[in-house]
Amino acid sequence: MNEDVAFIEGAVDRHHAWFARCLPMIASENIISPLAREMLLTDFGDRYAEGLPHERYYQGNTFVDEVEDRVVALAKKIFRVRHADPRLTSGTVANMAVYFALLEPGDIMTSVALSHGAHISSAKFGAAGMRGVNNVNYPFDVDRMNIDVDGTATLIKLVKPKVAAFGQSVFLFPTPLADLRDAFQEAGCTVWYDGAHVLGLIAGGQFQDPLHEGADVVTGSTHKTLPGPQHGILLSDSDDEKFIKRLQRAVFPGVVSNHHLHAMAALGITLAEFVEFGREYAAQIVRNSKALAQALHERGIKVLAEKHGFTESHTVALDVAALGGGAKLSADLEKANIITNKNLLPWDTSPVKPSGVRLGTQELTRLGMRESQMDEVAELFARVAVKHEPSEKVAADVGAMRTEFNTVHYCFTEGAEAHRRWRIA
Ligand SMILES: Cc1ncc(COP(=O)(O)O)c(C=O)c1O
């Protein structure tokens with residue numbers, strides 16, 4: 001075999017074998033179902049489709065159009081909205097479409113600060129800043145790990161942003177959108193909610209329903225709490241045709257040409273599975289993160305927002321300054337096959353020395369874990385973080401635990417082994 005091919009296949013094999021022995025707890029990741037994964041191998045991944053279904057710039061899209069129509073219909077049904085666009089290739093690309101549609105260079109956008117958990121794409125030195133957007137950050141209630149609602153209302157009325165942006169990457173509690181309605185009205189701004197992290201919770205009827213609480217547009221990744229392919233989506237319930245046209249044109253020809261049709265088909269399977277299993281899955285994710293937070297707290301680990309129940313999402317945020325800091329602890333945990341990430345906390349001053357670690361329960365839940373397993377996970381975590389046990393010893397126990405949790409739950413199982421039928425050669 002060609003040496004480079006052998007090398008790449010070998011490394012991917014080793015990655016698979018490693019992750020099968022790990023506790024995957026990155027809050028922005030998930031595993032796709034076997035049936036959805038099949039779609040990623042199909043000829044859809046070799047084709048181009050530009051524009052909207054039935055109005056394409058290429059021939060050969062007969063069945064692509066059929067699939068896209070169905071994906072759009074499923075998304076509209078799940079999110080109860082008039083408009084769904086599944087042509088975004090990632091959450092960041094969806095956010096760029098919002099900037100292209102709704103903001104000109106120099107316009108003011110209010111948003112959550114990076115150190116308060118926002119994503120880089122809404123920051124000054126990310127996509128927003130590169131679009132020339134003038135970013136003004138909300139005041140933040142560190143105790144509640146949420147925007148300060150009164151301060152935010154005052155700020156919005158004062159600066160009158162063109163767009164008021166919400167949504168975070170460390171997203172523990174729902175954004176009080178409904179309480180800000182008057183401020184939005186007075187400012188006359190468009191309200192955009194980046195639901196990348198919590199899209200599956202929204203779809204599953206947990207957390208909040210931003211499009212029915214005041215948001216004009218929602219963007220998201222489709223591979224975090226929504227357990228689909230790495231892709232993006234844009235949603236709106238607006239009946240303003242001009243507004244929807246602006247969004248559509250920002251998607252194509254604005255930020256995508258071809259929109260990765262295999263991922264779009266995989267997203268369709270994910271949505272179909274979500275109709276069936278989504279509510280149960282989303283509810284279990286939230287139960288698990290509350291249980292994990294409590295179990296970590298009981299082991300002496302500082303979990304943020306203790307007075308407010310720690311979390312209402314898939315995420316648990318830890319202050320590990322006293323345990324060596326986020327960088328050291330996440331590296332130590334990785335040696336024990338517990339995969340997490342270091343994270344800035346609101347009071348951190350150095351981005352290279354974050355004092356936090358962020359955890360997500362959505363993938364452990366997808367593997368079938370429930371509240372009692374969260375207690376075991378907390379104990380494994382504490383054996384590294386607090387008791388400083390040798391990492392090999394903890395890794396062995398993590399691997400043993402994983403042998404019982406090695407299949408994807410909350411998805412259709414029939415037909416899942418037949419994936420080779422899609423292979424072209
Ligand atoms: C709030 C938020 N928005 C956008 C993104 C970007 O998503 P993607 O990685 O799909 O581009 C992320 C990624 O984690 C995120 O947390």
Side-chain angles (χ1 to χ4, degrees), residues 24-32 40 85-100 109-131 133 135 137-138 140 145-147 163-175 177 191-203 207-208 210 215 217-235 250-251 254-256 259-260 263-264 266-267 270 311 313-317 339-344 354 356-363:
M25 299 181 73
I26 303 278
S28 57
E29 297 179 353
N30 213 326
I31 31 172
I32 192 169
L40 300 179
D85 197 330
R87 295 176 298 163
L88 291 312
T89 52
S90 81
T92 300
V93 173
N95 294 353
M96 287 163 62
V98 168
Y99 301 142
F100 279 28
M109 178 176 88
T110 50
S111 63
V112 180
L114 259 193
S115 61
H116 298 151
H119 187 248
I120 183 83
S121 58
S122 64
K124 204 180 212 159
F125 49 91
M130 288 180 186
R131 171 70 170 153
V133 171
N135 227 339
N137 292 141
Y138 304 122
F140 199 76
M145 282 301 283
N146 208 337
I147 54 168
V163 170
F166 299 94
Q168 289 138 252
S169 304
V170 181
F171 211 169
L172 303 180
F173 297 101
T175 302
L177 285 179
V191 181
W192 162 44
Y193 181 102
D194 178 347
H197 262 263
V198 291
L199 201 67
L201 302 183
I202 294 169
F207 202 61
Q208 69 183 131
V217 58
V218 164
T219 52
S221 310
T222 56
H223 48 267
K224 303 186 195 305
T225 51
L226 190 80
Q230 294 196 336
H231 202 70
I233 198 162
L234 185 151
L235 306 159
V251 175
V255 294
V256 297
H259 51 281
H260 301 182
M264 198 253 311
L267 173 59
T270 304
T311 181
S313 74
H314 62 305
T315 300
V316 174
I339 310 298
T340 66
N341 66 273
K342 57 181 179 278
N343 220 101
L344 271 188
V357 162
R358 183 185 67 167
L359 307 175
T361 58
Q362 71 293 337
E363 191 169 341

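Being a predicted model, the structure only gives us computed values, none of them experimental. In each ligand, atom 1 is the first atom listed, and ligand 1 is the first ligand listed.
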**Report entry** Pair His314-His197, side-chain donor/acceptor within less than 3.5 Å
**Finding:**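 Yes, side-chain donor-acceptor contact under 3.5 Å.
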Query raised in the report: Will you find, in the side chains of Ser111 and Asn137, an N or O donor that is under 3.5 Å from an N or O acceptor?
Result: yes
Does ligand 1 have any N/O atom under 3.5 Å from a protein N/O, and what are those pairs and their distances?
residue  : atom   : partner : partner atom : Å
ligand 1 : 3 (N)  : Asp194  : OD1          : 3.2
ligand 1 : 3 (N)  : Asp194  : OD2          : 2.5
ligand 1 : 7 (O)  : Ser221  : OG           : 3.0
ligand 1 : 10 (O) : Gly91   : N            : 2.8
ligand 1 : 10 (O) : Ser221  : OG           : 2.9
ligand 1 : 10 (O) : His223  : NE2          : 3.4
ligand 1 : 11 (O) : Ser90   : OG           : 3.0
ligand 1 : 11 (O) : Gly91   : N            : 3.4
ligand 1 : 11 (O) : Thr92   : N            : 2.8
ligand 1 : 11 (O) : Thr92   : OG1          : 2.8
ligand 1 : 14 (O) : Lys224  : NZ           : 2.9
ligand 1 : 16 (O) : Ser169  : OG           : 2.6
ligand 1 : 16 (O) : His197  : NE2          : 3.3

Side-chain touch [X]/[Y], heavy atoms, less than 4.5 angstrom:
| X | Y | result |
| --- | --- | --- |
| Val316 | Met25 | no |
| His223 | Asn30 | no |
| Phe207 | Thr225 | no |

Requested in this report: List in chain and number order the residues that pass side-chain hydrogen bond (donor to acceptor under 3.5 Å, both in side chains) with Asn146, two or more places apart in sequence or in another chain; answer none if no residue qualifies.
Outcome: none
